[in-house]
Amino acid sequence: MRRPRGEPGSRAQRPTEGATCAGPGESCEKAWAGRPKPLVQGHAAGSPAPNSMLRVLLSAQASSARLSGLLLLPPVQPCCLGPSKWGDHRPPGGGPPAGPVKGLQRLLEQPPPVEQATLQDLSQLIIRNCPSFDINTIHVCLHLAALLGFPSDGPLMCALEQERRFRLPPKPPPPLPPILRGGQRLEAALSCPRFQRRPQQHLIRSLAEARPEELTPHVMVLLAQHLARHRLREPQLLEAIAHFLVVQEAQLNSKVVQKLVLPFGRLNYVPLEQQFMPCLERILAREAGVAPLATVNILMSLCQLRCLPFRALHFVFSPGFINHVSGTPHALIVRRYLSLLDTAVELELPGYRGARLPRRQQVPIFPQPLITDRARCKYSHKDIVAEGLRQLLGEEKYRQDLTVPPGYSTDFLLCVSSCGSVLPVRAQDPFLPYPPRSCPRATRDPAQRVVLMLRERWHFCRDGRVLLGSRALRERHLGLMGYQLLPLPFEELESQRGLPQLKSYLRQKLQALGLRWGPEGG
């Protein structure tokens with residue numbers, strides 16, 4: 001039988017989202033006047049008590065649609081029981097607050113206790129009718145049950161949760177993880193941005209389980225980049241890269257080879273693979289004119305390993321190669337690398353008689369501090385060492401961050417007389433001549449240059465024992481240019497507790513070189 005339009009709880013009177021009036025020409029006040037009055041509105045005259053409200057709910061047993069109408073609340077998300085979600089919910093356009101919302105919210109705040117038998121009847125009523133509720137009414141009943149204190153593991157909450165889950169669309173089963181072989185596992189691990197920094201054993205195991213055809217150039221490049229980026233000097237993995245390069249020589253171009261060779265120079269590791277160097281020489285001879293930047297990158301890695309092939313040097317110092325790279329976007333960096341290679345030829349290859357970089361093409365090798373030093377300056381010991389030297393020697397007897405020809409930076413530089421006295425630096429020429437003189441130093445300039453080199457933790461491979469290739473190259477070249485080096489390892493610096501201990505440490509280091517200062521030292 002069709003329900004009268006004005007009967008409380010009928011679908012005709014359910015508020016719809018966005019509706020402000022009942023119909024054309026009807027005011028909002030008039031439209032709301034015909035709706036059910038609030039079930040609980042404090043203690044105002046005529047307001048039903050909580051038990052009365054429950055009896056109204058229980059009176060709806062004959063019709064689940066009527067119960068749904070009596071429990072009507074605005075659509076909300078499950079478990080949103082806070083006042084901000086329940087309080088003062090007004091219909092769009094302004095109007096009286098929704099009575100059932102306030103009634104349910106204040107039900108437990110009323111003084112009269114709710115009879116247990118009444119709650120049980122309500123529970124059975126909802127359990128019996130919930131299969132016919134829509135998802136919105138089920139959410140409303142869940143809120144009502146929570147407000148009335150029904151246990152979460154009781155029959156009412158379990159029945160409602162079961163119905164709620166039944167209404168939800170089924171989730172597709174998760175896809176089965178693919179079965180990855182050794183090479184695929186290696187690539188997946190190296191491509192993951194959250195891959196741990198020190199997973200040597202995982203990498204070794206994946207590499208050992210891989211078949212030869214699975215070790216593609218892409219996988220090996222990822223492995224090489226991972227080792228170089230995280231300073232992992234792992235011989236077994238590096239030897240695998242060297243062997244792969246030798247075996248796949250014919251299929252590799254210089255752009256791939258530069259990435260495979262990068263970790264060897266950076267990690268200061270010469271592989272045991274006997275064909276490693278002959279293979280690189282053949283690749284350079286074949287590819288040098290095709291990719292100039294890749295060519296000099298390969299030579300830079302070999303320079304750090306003190307393994308420069310003469311034939312490749314002849315080619316990159318030739319006028320044709322220099323003119324070719326001068327018009328490329330990488331001209332400046334190529335000239336910087338060529339300048340460093342020329343320095344290596346000058347200092348380390350006395351038997352080389354081929355072409356050299358013209359003087360007009362030379363540029364400073366490292367015109368500014370390295371990126372890693374700039375990024376980690378706040379972790380450096382440089383400031384405290386500088387303060388220790390200032391208090392120990394005085395500001396005029398050392399120079400900090402001085403770049404000496406052909407472009408190597410020094411942490412701290414001292415000028416020392418022939419008798420060991422530390423001299424004011426500004427009264428001396430702090431630079432030794434470059435290229436170095438073949439004859440002994442003139443007697444009028446007997447001062448010696450001592451360079452204090454900080455060896456910070458990030459200047460080493462991850463094992464903390466082997467200097468990175470670029471650091472070893474700088475120290476090697478400064479020593480060949482005639483500077484006396486005084487390394488300050490990070491382990492020793494970190495063991496000093498405070499400035500007084502550090503000053504004592506520096507005093508012992510300088511005195512071990514025979515240096516004197518103060519009144520007795522001049």
Side-chain angles (χ1 to χ4, degrees), residues 1-4 6-16 35-43 46-83 85-87 89 97-170:
M1 180 175 179
R2 189 170 183 179
R3 182 174 297 170
E7 183 178 352
S10 66
R11 294 184 179 271
Q13 287 198 344
R14 293 189 181 185
T16 55
R35 298 181 183 272
K37 292 184 178 180
L39 298 181
V40 177
Q41 287 291 347
H43 297 283
S47 297
N51 289 348
S52 302
M53 189 195 78
L54 292 176
R55 292 191 186 98
V56 172
L57 293 174
L58 291 171
S59 69
Q61 297 183 43
S63 169
S64 61
R66 180 172 175 81
L67 175 64
S68 178
L70 288 172
L71 295 178
L72 180 64
L73 288 177
V76 293
Q77 293 297 323
C79 303
C80 297
L81 302 178
K85 295 290 184 182
W86 286 80
H89 186 89
V101 181
K102 281 293 186 182
L104 293 177
Q105 180 185 3
R106 296 181 180 177
L107 180 60
L108 296 181
E109 301 174 2
Q110 303 302 320
V114 180
E115 298 173 0
Q116 187 66 26
T118 304
L119 291 178
Q120 291 298 329
D121 290 342
L122 177 63
S123 173
Q124 293 301 321
L125 171 65
I126 295 177
I127 291 175
R128 197 162 51 245
N129 289 280
C130 70
S132 62
F133 293 169
D134 58 18
I135 187 63
N136 213 32
T137 304
I138 290 174
H139 284 166
V140 170
C141 290
L142 280 168
H143 289 309
L144 175 63
L147 287 172
L148 293 176
F150 285 94
S152 60
D153 57 349
L156 175 60
M157 296 293 280
C158 290
L160 289 170
E161 278 294 335
Q162 182 178 354
E163 288 295 331
R164 185 185 68 83
R165 287 193 296 268
F166 182 74
R167 302 294 197 281
L168 296 177

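Computed from a predicted model, the values in this text were never measured in an experiment. All values below were derived from every heavy atom in this structure, side-chain atoms included, with hydrogens, water molecules and symmetry-related copies excluded.
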- [ ] Grab the two heavy atoms, one from A145 and one from L156, that are nearest each other, plus how far apart they are.
- [x] CB-CD2, 3.6 Å
Task: Side-chain heavy atoms of E161 within contact of L142, under 4.5 Å - done: yes
Open item on the list: Would you compute the distance between atom CZ of R165 and atom CG of L160 and round it to the nearest 0.5 angstrom?
Closed with: 10.5 Å
TODO: Can you see which heavy atom on S152 is nearest to which on C158, and at what distance?
DONE: O-SG, 4.4 Å
Open item on the list: Quick check: closest heavy atoms across C130 and R167, and the distance to 0.1 Å?
Closed with: O-NH2, 3.5 Å
Open item on the list: If I compare all heavy atoms of C141 with all of I126, which pair ends up nearest, and what's the gap?
Closed with: SG-CG2, 4.0 Å
